[in-house]
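This report concerns only the one structure given below.
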Amino acid sequence: MVENNNLLLGICGSPRKQGTDYAVEYALNYASEKFGFETEFWTVRGKEIMYCTHCDYCIREKKGCINKDDIQNLYPLLEKAKFLLIGTPVFQGNLSGQLKTILDRCRGLIAKNPYVFKGKFGSALAVGGDRSGGQEIAIRSILDFYQQNLIISVSGGAFGANLGASLWSKDRGKDGVQNDETGLKTIRKVIKRLAEFKK
Ligand SMILES: Cc1cc2nc3c(=O)[nH]c(=O)nc-3n(C[C@H](O)[C@H](O)[C@H](O)COP(=O)(O)O)c2cc1C
């Protein structure tokens with residue numbers, strides 16, 4: 001798989017078409033309009049997603065994951081994109097179960113090629129119903145995935161988006177996020193810094 005140096009893949013970890021979906025799409029639109037990124041969007045919503053069962057097929061065979069579900073369509077996108085933006089709703093103070101499963105299932109890719117993610121750039125976004133509902137912990141979990149897999153993490157920098165993009169939906173889904181101008185600004189800051197790594 002040839003990596004596309006201009007491709008930003010946005011992943012939405014929400015099972016709904018609400019705040020997180022809107023926020024990730026907002027980020028992708030901003031990235032393409034302002035900085036000329038090519039973009040792809042992938043969401044967990046409506047997808048068949050099986051848990052990793054630690055069967056170790058991926059380790060034994062080095063042919064990817066044995067589970068033939070909808071994540072199979074995500075794998076080539078992950079391989080192709082130079083830039084990743086992973087977004088999650090905050091569930092119980094952390095990332096969604098759906099997104100956690102996606103990250104677990106990346107073991108299939110990594111077992112086949114331990115350097116599959118090396119040199120990619122990744123940012124994180126979280127949407128909580130509360131102002132301080134665990135957005136930073138959810139973001140941190142995504143950043144830990146980047147760290148573990150040789151992905152260079154990029155935040156929006158000091159003064160506003162220190163770890164990544166953080167949004168407050170007030171439990172009003174898309175409407176809440178659309179009205180969270182402070183949160184939307186954190187998205188723009190993150191994308192601006194991500195664009196600094198475009199060739
Ligand atoms: C199972 C569950 C757990 C949640 N836990 C939290 C939480 O710990 N902190 C928080 O701020 N919001 C929490 N929420 C609220 C969601 O983060 C919030 O409604 C968010 O906007 C959902 O994302 P969406 O708009 O993309 O659906 C929870 C929602 C659900 C369904």
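In listed order, ligands and their atoms are each counted from 1. Residue numbers start at 1 and run along the sequence shown.
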Original post:
So which heavy atom in the protein is nearest atom 23 (O) of ligand 1, and how far is it from that ligand atom?
Top reply: P89 CB, 3.3 Å
Original post:
What is the nearest protein non-hydrogen atom to atom 27 (O) of ligand 1, stated with its residue, atom name and distance?
Top reply: R16 NE, 2.7 Å
**OP:** Considering heavy atoms of the protein only, find what lies nearest to atom 10 (C) of ligand 1 and give residue, atom and distance to 0.1 Å.
**Re:** G129 N, 3.5 Å
Subject >> Residue that, paired with S169, satisfies side-chain contact (heavy atoms from CB on, under 4.5 Å) out of D180, V177, N179, V90 >> reply: V177
Original post:
Do R105 and Y51 get their side chains close enough for a donor-acceptor pair, meaning under 3.5 Å?
Top reply: no
Subject >> Nearest candidate to atom 7 (C) of ligand 1, where distance is taken over non-hydrogen atoms, out of G87, S132, G97, G133 >> reply: G133
Original post:
Should we say atom NZ of K62 is surrounded by more than 12 heavy atoms from elsewhere, each under 6.0 Å from it?
Top reply: yes
Original post:
Among T43, T88, D130, which residue places a heavy atom closest to atom 11 (O) of ligand 1?
Top reply: D130
**OP:** Output yes when the distance from some N or O of ligand 1 to some N or O of G19 is under 3.5 Å, and no in every other case.
**Re:** yes
Original post:
Salt bridge between E3 and K120, side-chain N to carboxylate O under 4.0 Å?
Top reply: yes
**OP:** Determine, step by step, whether Y146 and I152 satisfy the side-chain contact (heavy atoms from CB on, under 4.5 Å) criterion, reporting the C-alpha distance in whole Å, the side-chain angles of both residues, the deciding distance to 0.1 Å, and the verdict.
**Re:** CA-CA 7 Å; Y146 293 156; I152 300 150; over 6 Å; no
Subject >> Pick from Q92, Q135, K170: the one approaching atom 3 (C) of ligand 1 most closely through a non-hydrogen atom >> reply: Q92
**OP:** Measure the distance from atom 19 (O) of ligand 1 to every protein heavy atom, then report the residue, atom name and distance (to 0.1 Å) of the closest one.
**Re:** D171 OD1, 2.7 Å
Original post:
Any cation-pi pair here, K198 with F83, using under 6.0 Å and within 45°?
Top reply: no
Original post:
Picking from V190, I187, I142, T186, what satisfies side-chain contact (heavy atoms from CB on, under 4.5 Å) with L125?
Top reply: I187
**OP:** Using a strict cut-off of 4.0 Å, indicate which atoms of ligand 1 neighbour a heavy atom of G93.
**Re:** 7 (C), 8 (O)
Original post:
What residue and heavy atom of the protein are closest to atom 13 (C) of ligand 1, and at what distance?
Top reply: V90 O, 3.1 Å
**OP:** List every atom of ligand 1 that sits less than 4.0 Å from any heavy atom of G173, numbering the atoms from 1 in the order shown and giving each element.
**Re:** 25 (O)
Original post:
Counting from 1, what ligand 1 atoms have a heavy atom of S169 closer than 4.0 Å?
Top reply: 18 (C), 19 (O), 20 (C), 21 (O)
Original post:
Between R107 and D56, is the closest basic N to carboxylate O distance under 4.0 Å?
Top reply: yes
